[in-house]
Amino acid sequence: MLFANTSNYTERETLFVEVILPLSLTINYTYRVPFELNEKVAVGKRVVIQFGKHKIYTALVKAIGQTPPEFYEAKYIIDVVDEIPVITPKQFKFWDWITSYYLCNEGDVMAAALPTGLKLASETILVLREELPEELELTAKETLILEVLLKQQRMSIDEVVTLLGQKTVYPTINSMISKELIYIEEEVVEKYKPLLKSFIRLNPFYKEEVHLKELFTLLEKAPKQLDALLAYLQIAKTETAIAKQRLLELSGSGQAALKALVEKEVFIVEKKQVSRLSDSKDEFEVNFTLSIAQQNALNEIKAQFLQKDVVLLHGITASGKTQLYIKIIEQVISEGGQVLFLLPEIALTTQIVERIKLYFGDKIGVYHSKFNDNERVEIWNKVLNGSYQVVLGARSAIFLPFGELKLVVVDEEHESSYKQHDPAPRYQARDAAIYLAHLHDAKVVLGSATPSIESYYNASSNKYGLVKLEERFGGVQLPIQEVVSIAEATKQKKMTAYFTSVLLAQMQLALENKEQIILFQNRRGYATILICATCGYAPKCVNCDVSLTFHKTSGKLHCHYCGFHQNSINSCPACGSVHIEQKGFGTERIEEELALIFPDIKIARLDLDSTRSKNGMQQLIADFQDKKTQVLIGTQMVAKGLDFDNVSLIGVINADTLLNYPDFRAFERSYQLLAQVAGRAGRREKQGMAIIQAYSDSHRILNQVLTNDYLAMYTDELEERKKYLYPPFARLIFINVKHKDANVLNVASQALAQALRTQLGHRILGPEQPLVARIRNYYLKQISVKVEKNAPIQKVKNVLKETIAEFNTQKEFKSVWVQIDVDPY
DNA sequence: GTTCCTATGCAG
DNA sequence: TGCATAGGAACT
């Protein structure tokens, strides 16, 4: 082995770098830096490295050192990608925290944090040799591949797999390599492509009046060219950079004329990099004054910030939290700080974003999953160089490279979509954002009309500041709310399909007044399940342990877990009976029944199925806003982030499905959702109405929704949590165990739980069978870890990590998947 | 015997 | 993650 101090280059430093790969690997790897790259490597820059025999990846330099690895020879890094680091030291610290808190690998975090455009990986390409051997003995498959290659010279592995229709292709490829037919190339695909546009510039020669005049006379015989020139001069008065396309549009002179001018060297064409992000240069002066209540809340937040880093803003629906946020943000950016504004994914496609964008103009960037990669890279860079001072984003926006972060706003902080469940890192963006803020010495505002129990607990126990905003903005009145018993209505024969007479009457009234209606049903599809009336058979998914849902539009039975679907059945496959009954109902069924009752109105349905296409949701919402549709039926989606002026009635078809959900948060969630849904009714001028239909009409949660009594709900829930030791009185970690074989899984999960129990005792619960015991052909078991609040959580986590690692080395459990989910809610 | 799949180990 | 390798099931 060649050590640095024994080599001929003693006077030169030999550097080694520890790199993070964007893969789920438990350790980081060490590479050696070739001397010529010594100057260029730096922590936070990306390097190109070979990992394994073929693959080339971009990895991130985590650390630089001079000690060579003891037990192996390090490979050389191939190249350094960046001129300046793309990851800041603070981001590394943040990643470290996520890695250790959520028990994942650094590579998981890297994969989640970097936009795909910044993570290039190689693709294996087969290339046909220029000279082929004369005598060939080929198998049928090799001939097939060769034929394609003769046509197109190059092929990716994927293409070979589809061509041969088999998964194992490497033996064939290897054989062709040894027969000297092909060679292998690793093609690194640079994913980010800067957008280049052609710009036109006048040759400086013609800047002088004399020359320009000569040019005019010269062009007299070419009127089109003259047009182009005149148009150029006209635009040049007000603009510096003139795009070719724009000139073409404005002059109407055509490609040929422009080309001729370029050939005459009158115009010079330049390719320039432009931004894909539409930046509205004009900042709108949206003047508004805060109400007294808002002003007081704002002052109070500022006062709280003197002592507390996090403030919970408990502001009832329509109290104008957004305006408050805007004022706080405004102050922070005027002092040169950056702001991260987190919103649930769904809210990002809607009005609130437009409002804030108008206000802050080009200082603001929006970051969410609907953006393509190139756009994300551009946003990343604009945050890095500080040209974006405000970022509005979904949970993944916490990974952007902030330099001067001074404020984090988490709107609708109770939203469950802040938690990422799969894949790792399984982080809770609200909590991670609080840590991020801590790293930056920044302040945090958590806002919600129905705060999560934990946040409210933190606020009432003085860990967070608490500011209340209890007055509706602009004097908007709370809707009149009413709970209607479905059982009672059924008894009195006052049900029409799924609607009580009370709800129907109100709908009639609203429609007569030309007002709009939103109906909420937390289940998509048509009927929940089909069931044979004779033998009780119900069609199930072939991959998962769930009954299939009947969708009428497609005429098929769908699995909502894996996407499997099959044709519906007319007779029972088990007993042949034709008495197939539909049990339960979803949004689709409600839409149909409603159309029968009100044949003249237009109804739209907002759920996962109807919004799958890219602009589906936007279109649906736009139509509803333009009053093209009168009734909007939806799942959870309708509750979140949508504001409609003309909606006077909200109907919850069946609240029981929410309340009966088997989860310790079911009541909290129900309250939050129902309060949010109800709050959508009648926002301006007119008092709206919310009707909640339920079997369990006297449920305490429904009462609390009716009376808007968040505190009562909180107190009751807290009591329950204390009694059964749930958060915030304990920390919860789920260990999900998966295997294709139910028996192996049983044995393995028992063994793992036992191994954990010997170290952590009563804290280990389970393994239990989850509600859905099999998804995508994998059987599932869940072990829960409940840790008292004051126990050393990091020690427990270390034990978990080690025990699971040890467990996975055992021969019979090698193929068992174990995933850890910290704070799984 | 061949062909293909699946499990498993490993990469610096 | 993706690839090499080994062992075995299903085919000829």
Side-chain angles (χ1 to χ4, degrees), chain A residues 1-4 14-34 41 47-78 104-112 114 116 119-126 137-145 156-158 160-178 184-189 422-425 738-741 744 748 777-778 805 807-819:
Chain A
M1 201 186 283
L2 195 67
F3 287 99
T14 305
L15 299 180
F16 293 89
V17 287
E18 178 196 337
V19 299
I20 311 174
L21 284 139
L23 305 172
S24 195
L25 300 165
T26 43
I27 52 159
N28 288 333
Y29 288 79
T30 304
Y31 282 79
R32 182 171 168 162
V33 182
V41 283
V47 289
V48 181
I49 48 119
Q50 190 178 70
F51 185 63
K53 282 207 169 119
H54 302 282
K55 274 274 156 175
I56 292 165
Y57 287 96
T58 40
L60 253 182
V61 180
K62 174 89 190 291
I64 302 178
Q66 282 164 311
T67 10
E70 244 181 281
F71 304 106
Y72 53 82
E73 193 120 13
K75 272 187 190 161
Y76 281 98
I77 61 172
I78 300 168
C104 61
N105 299 316
E106 273 182 284
D108 295 324
V109 185
M110 177 180 171
L114 286 185
T116 326
K119 297 175 288 199
L120 15 147
S122 66
E123 198 181 335
T124 310
I125 304 282
L126 320 191
E137 260 185 57
L138 293 179
T139 64
K141 284 177 181 169
E142 290 172 358
T143 322
L144 207 59
I145 296 175
S156 70
I157 298 287
D158 271 358
V160 180
V161 170
T162 32
L163 180 70
L164 298 187
Q166 67 186 57
K167 285 186 184 168
T168 334
V169 293
Y170 282 92
T172 321
I173 292 170
N174 283 336
S175 142
M176 290 180 78
I177 294 171
S178 61
I184 291 291
E185 211 176 80
E186 288 294 314
E187 200 167 78
V188 178
V189 239
D422 219 28
K738 291 204 250 183
H739 198 270
K740 279 195 172 164
D741 185 319
V744 175
N777 281 322
Y778 276 88
F807 166 83
N808 258 332
T809 59
Q810 293 174 48
K811 219 178 189 130
E812 66 256 64
F813 302 139
K814 281 244 161 81
S815 54
V816 178
W817 283 80
V818 182
Q819 294 171 341

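In what follows, every heavy atom counts, from backbone to side chain, and hydrogens, waters and symmetry copies are set aside. Numbers restart at 1 for each chain; the letters A, B, ... are given by sequence-line order, proteins then strands. Being a predicted model, the structure only gives us computed values, none of them experimental.
- Closest-nucleotide positions on DNA chain C for A:Pro171 and A:Trp817 were compared, and the one nearer the 5' end corresponds to A:Trp817.
- The separation between A:Ile157 atom CD1 and C:dC3 atom C1' is 10 Å, rounded to whole Å.
- Donor-acceptor pairing under 3.5 Å is lacking for the side chains of A:Thr14 and A:Gln66.
- For the pair A:Gln166 (side chain) and A:Thr168 (backbone), a donor-acceptor distance under 3.5 Å is present.
- Comparing atom distances between the A:Tyr57 side chain and each of B:dT8, B:dC5, C:dT1 picks out C:dT1 as nearest.
- Straight-line distance from the CD1 atom of A:Ile184 to the P atom of C:dA4: 9 Å, rounded to whole Å.
- Under 4.0 angstrom from either OP1 or OP2 of C:dC3 there lies at least one side-chain N or O belonging to A:Thr124.
- The side chain of A:Lys814 lies closest to B:dT8, out of C:dC3, B:dT6, B:dT8.
- In this structure, CD of A:Glu186 is placed 10 Å from C1' of C:dC3, rounded to the nearest angstrom.
- Between the NZ atom of A:Lys53 and the P atom of B:dC10 there is a distance of 13 Å, rounded to whole Å.
- The side chain of A:His54 places an N or O atom within less than 4.0 Å of a non-bridging phosphate oxygen (OP1 or OP2) of C:dA4.
- Under the 3.5 Å distance criterion, the side-chain polar atoms of A:Lys167 are left unmatched by any main-chain donor or acceptor of A:Val161.
- A donor-acceptor pair under 3.5 Å is absent between the side-chain atoms of A:Tyr31 and the main chain of A:Val48, judged by distance alone.
- Distances from the side chain of A:Tyr170 to the nucleotides C:dA4, C:dT1, B:dC5 place C:dA4 closest.
- Across all strands shown, A:Ser815 has heavy atoms under 4.0 Å from sugar-phosphate atoms exclusively, and none from any base.
- If you check every strand for non-hydrogen atoms under 4.0 Å, A:Tyr31 touches sugar and phosphate atoms only.
- Side-chain contact check for A:Asp108 and A:Ser24: at least one donor-acceptor pair (N or O, by modelled atom type) lies under 3.5 Å.
- Here B:dC10 presents its C1' atom at 7 Å from OH of A:Tyr29, a figure rounded to the nearest Å.
- Closest to the side chain of A:Lys55, out of C:dG2, B:dT8, C:dA4, is C:dG2.
- One interatomic measurement links the two molecules: NZ of A:Lys119 to P of C:dG2, which rounds to 12 Å at whole-angstrom precision.
- When each of A:Ile27 and A:Thr139 is assigned the nucleotide of DNA chain B with its nearest heavy atom, A:Thr139 is the one assigned upstream, toward the 5' end.
- Summarising the geometry, the separation between CG on A:Asn174 and P on C:dA6 is reported as 13 Å, rounded to the nearest angstrom.
- In this structure, of C:dA4, B:dG9, C:dT1, it is C:dT1 that holds the atom nearest to the side chain of A:Leu25.
- Residue A:Ile173 contributes atom CD1, which lies 16 Å from atom C1' of C:dT5 at whole-angstrom precision.
- In this structure, the nucleotide among C:dT1, C:dA4, B:dC5 sitting nearest to the side chain of A:Leu23 is C:dT1.
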